[in-house]
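So you know, we letter chains A, B, ... as the sequences are listed, proteins then strands, and number each from 1.
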Protein chains: 2
Amino acid sequence: MKTREKIIQTALDFFNKKGYANVGVREIARSLGISPGNLSYHFSKKEDILFVLAKQHSLTNDQSFEDFLEKEATLENFLVLMMSILKSQYLHRGALLELSLIAADIQTDDRLNYTETSRRRQATLKNILELLATNGHLKASASDIQFLISFLKLFARFSMQEAFLLDSFREEKEVISYYLNMLAIQMALFATAKGKRSIERFRSKYLTE
Amino acid sequence: MKTREKIIQTALDFFNKKGYANVGVREIARSLGISPGNLSYHFSKKEDILFVLAKQHSLTNDQSFEDFLEKEATLENFLVLMMSILKSQYLHRGALLELSLIAADIQTDDRLNYTETSRRRQATLKNILELLATNGHLKASASDIQFLISFLKLFARFSMQEAFLLDSFREEKEVISYYLNMLAIQMALFATAKGKRSIERFRSKYLTE
DNA sequence: GTCTATAAGACGATAGAC
DNA sequence: GTCTATCGTCTTATAGAC
């Protein structure tokens, strides 16, 4: 693995374990057996590592959305999509948590076009929900869809942070199951009989112990 | 106002505006016209200011819960309770955001008994929802109530953070209305006809433009 | 690309005079 | 309670050898 890749990976490990603010660049360098100067060569600012990690997460999510759109628009596949997103959230939690704090800077920063990305995501989400409605999986009015979008935005952005905040000791699998179950219940409230069966298929595949 | 009080107030203003990590103790002192040493006399650690603010928020919430329990258990009053909580969240957002980050430390810290408080809150929430069910406002099974608790935990803890992160430009009133409307829709999904009327009363009193 | 060495500047925190 | 002065540590940046 290239040094640059190793820095990214090690930094994420430390951020997840100790929190961004409590990790020094010296510490990352020492743990890799390289000099701080060398780390500076690859990332002149500590914050730059953060943005690379956020970008990585964003690209992973793009891929998850693409994967969904290539398949049939069912609630089962939708839950698979959300599972991928939550897994990436979990993986990048130390970076995403910190990103919330420099929110003011983010919005005018061009390394991540943050507001544009979240606008795009919201439009994609709306398309997906409407697709699920036409496919007979959701019985949702326009205002129901608006509500679900509000819910999903909050859910996708913060559920892993809640897990990290309150129960940092829990295993990934346990955490993800908890939130996917919550999501399944919410979606079932707006699902048709066909949609409910699709949710049950997801449940039996991924949520059984 | 005493110096100590002025420090707390000014610190919160700065935290809300720039984020905890981007505010120095020197900056707070300068804006108050006192020396950094004097600020250190009142708060030996910057973190201590954070904990005072968090405690302030927690006590405000305690009061909101007490107020609710003295009134009739209706969905209208429940939404009023949540409105109070959201307002305090909004007021303390700069501090609460940062608190997420030192979560690991918090759990073993005795300045805030964090895990105990959240356990207590969850029990209170469960009681309230069960009260609403017996009062004929909610038609919710035991598992429905479990779901609502999961939702409300996430909602109460992170909705204001979402607002702060994505739309820091919006006014308090606008932000609160958006989330109260979202909450009203969620509760209506489990409400009886009587409960729905109670929600509508809340809506007409507080959510009209 | 990688290293050593080092300096600048900001920060939280502390010591001691008044 | 309030001040000035200072310490130690951190990020960031740069110069120059290999």
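- With respect to the salt-bridge test (charged N to carboxylate O, under 4.0 angstrom), the residues A:Lys87 and A:Glu172 do not qualify.
- Spacing between atom OH of B:Tyr20 and atom C1' of C:dC11 amounts to 12 Å, rounded to whole angstrom units.
- Atoms CD1 (B:Ile34) and P (D:dT2) sit 7 Å apart, rounded to a whole Å.
- Taking atom CG of residue A:Leu39 and atom C1' of nucleotide C:dG1, one finds them 13 Å apart after rounding to whole Å.
- Between B:Phe190 and B:Phe147, the ring planes are tilted. Angles from 30° to 60° get that label.
- Regarding A:Lys6, its NZ atom lies at a distance of 14 Å from the P atom of C:dG1, rounded to whole Å.
- Neither OP1 nor OP2 of C:dG1 sits under 4.0 Å from any side-chain N or O of A:Asn38.
- Counting heavy atoms from C-beta outward, B:Leu138 and B:Glu130 have side chains that stay 4.5 Å or more apart.
- Side-chain contact between A:Leu96 and A:Phe158 is absent, with no heavy atoms from C-beta onward closer than 4.5 Å.
- Side-chain contact between A:Asp67 and A:Leu81: absent, with no pair of heavy atoms (C-beta onward) separated by less than 4.5 Å.
- Rounded to whole Å, the distance from CD on A:Glu27 to C1' on D:dT12 is 18 Å.
- Computed from coordinates, the B:Lys2 NZ to D:dG1 P distance equals 8 Å when rounded to whole Å.
- By the 4.5 Å heavy-atom criterion applied to side chains, B:Lys46 and B:Tyr20 are counted as neighbours.
- Taking the six-membered ring where the residue is Trp, A:Tyr206 and A:Phe202 present tilted rings, their angle falling between 30° and 60°.
- Between the P atom of C:dG12 and the CG atom of B:Asn22 lies a distance of 11 Å, rounded to the nearest Å.
- Residues passing the side-chain hydrogen bond (donor to acceptor under 3.5 Å, both in side chains) test with A:Thr10: none are found, sequence neighbours excluded.
- For residues 8-16 of chain A, proximity to DNA chain C is found at no residue, defined as any non-hydrogen atom under 4.0 angstrom from a strand atom.
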Next item on the list: Using a 4.0 Å cut-off on protein heavy atoms (strictly under), produce a 5'-to-3' string for nucleotides 13-18 of chain C with B for base contact, S for backbone-only sugar-phosphate contact, and - for none.
Entry: SB----
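- Looking at heavy atoms from C-beta onward, B:Phe78 lies out of side-chain contact with B:Ser198 at the 4.5 angstrom threshold.
- Considering only side-chain N and O atoms, A:Thr3 lies nowhere under 4.0 angstrom from the phosphate OP1 or OP2 of C:dG1.
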